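Worth saying up front: this structure is predicted, and the values here are computed from it rather than measured. Any value given below was found using the heavy atoms of this structure, including those in side chains, with hydrogens, waters and symmetry copies removed.
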Amino acid sequence: MEEEKFYHIFNRGNNRENIFKEEDNYYYFLKQYEKYLLNTVDTYAYCLMPNHFHLLVQIKKIENKTSKALSRLTPAEKAFKDFFISYAKSINKKYGRTGSLFQYKFKRKEIKDEMYLKKLILYIHQNPVAAGFCEQLHEWKFSSFHALLSDSPTKLMRKEVIDWFEDKENFIYCHKKLVEVYEDY
C-alpha cells in the first residue's frame, strides 16, 4: 500500500461467518480501528455489516521513516495486520472459537479518480439497504453516513467527503438517487 493513495479495504468472515455477533462487537471494532490505524490512514467512509466490512481510506505520508526496513510490510499493511489480529483474538476469546475469523488476507483496491471515490462512498453506505438489513440508509448505525452529516466531532475526513459532493444537500440527494436506482431493479 502506497502513501497518499486511496484504497477500498474490505473483508468478510471465514466461511461467510459473522464477524460481528452482537452490537458491542461493532463498537469494539471501531475502537481497535482507532487504536491501530488512525496514525496510519485517513478514513473517508466505512460500513460494518454482520459478516463483512468496507473502508475507504487514504494512506498517510510518514515523515520519520527508519533507514532500515524491519518488515516486508509497509507501515499501513503492518497496522492493518495488527488491527485484524487484535480484533480476531478478542472475538475468538469472547466466543470460545479458534482459527481464522476473516476469510483471507484483507482485500484492497486502489482508487485512482474522484468520480470513483464518490461512487464508492455511495456503494459503501448503500450496503445495508442492498443486503436487506434496513430499508433506509439512516437506519443502519454502523456506517459513516450519520457522522458525515453530523456536526459532532469525528475522526472521519468529513469536509473532504462533503466537498466531493459539493455540499450536504447534494450528498443526501446522491444517496437518495442511488436508493431509487436499486428500488427500480
Salt bridge (Lys or Arg N to Asp or Glu O under 4.0 Å) partners for Glu17, two or more places apart
Lys21, Arg97
If Ile, Leu, Val, Met, Phe, Trp and Tyr residues are connected whenever their side-chain heavy atoms lie under 4.5 Å apart, and connections chain through other members, are Phe133 and Ile124 in the same group?
yes
Nearest heavy atoms of Phe106 and Asn11, plus distance in Å
CA-ND2, 3.4 Å
Aromatic plane relationship, Phe10 with His8 - under 30° parallel, 30 to 60° tilted, over 60° perpendicular
tilted
Expected list for residues 44-53: side-chain donor-acceptor pairs under 3.5 angstrom, two or more places apart:
unit_1 : atom_1 : unit_2 : atom_2 : d
Tyr44  : OH     : Gln58  : OE1    : 2.9
His52  : NE2    : His54  : NE2    : 3.4
His52  : NE2    : Asn127 : OD1    : 2.9

Same apolar cluster (I L V M F W Y, side chains within < 4.5 Å links), Tyr28/Leu30:
yes
From CD1 (Ile9) to CZ (Phe84), nearest 0.5 Å
7.0 Å
When every non-hydrogen atom of Leu101 is compared with those of Asn18, the smallest separation belongs to CD1-O, 4.3 Å
Ring pair (Phe, Tyr, Trp, His ring centres under 6.0 Å) with Phe142: of Phe29, Phe20, Tyr27, only one passes, and it is Tyr27
Exam field: side chain Arg158 to backbone Ser150, donor-acceptor pair closer than 3.5 Å
yes
Which heavy-atom pair separates Ser144 from Leu156 by the least distance, and what is that distance?
CB-CD1, 3.6 Å
Heavy atoms of other groups near Lys89 NZ, more than 12 under 6.0 Å:
no
With a 4.5 Å limit on heavy-atom distance, are the side chains of Asn25 and Tyr87 in contact?
yes
Any donor-acceptor pair under 3.5 Å from Lys60 side chain to Leu38 backbone:
yes
Minimum heavy-atom distance Glu2-Tyr7, with the two atoms named
N-OH, 2.9 Å
Donor-acceptor under 3.5 Å (Lys118 side chain, Trp164 main chain)
yes
Between Trp140 and Phe145, does the ring centre distance come in under 6.0 Å?
no
When you group the ILVMFWY residues by side-chain heavy-atom contacts below 4.5 Å and let the links chain together, are Met1 and Tyr116 in the same group?
yes
Smallest separation among heavy atoms of Ala79 and Thr40, with atom names
CB-OG1, 3.7 Å
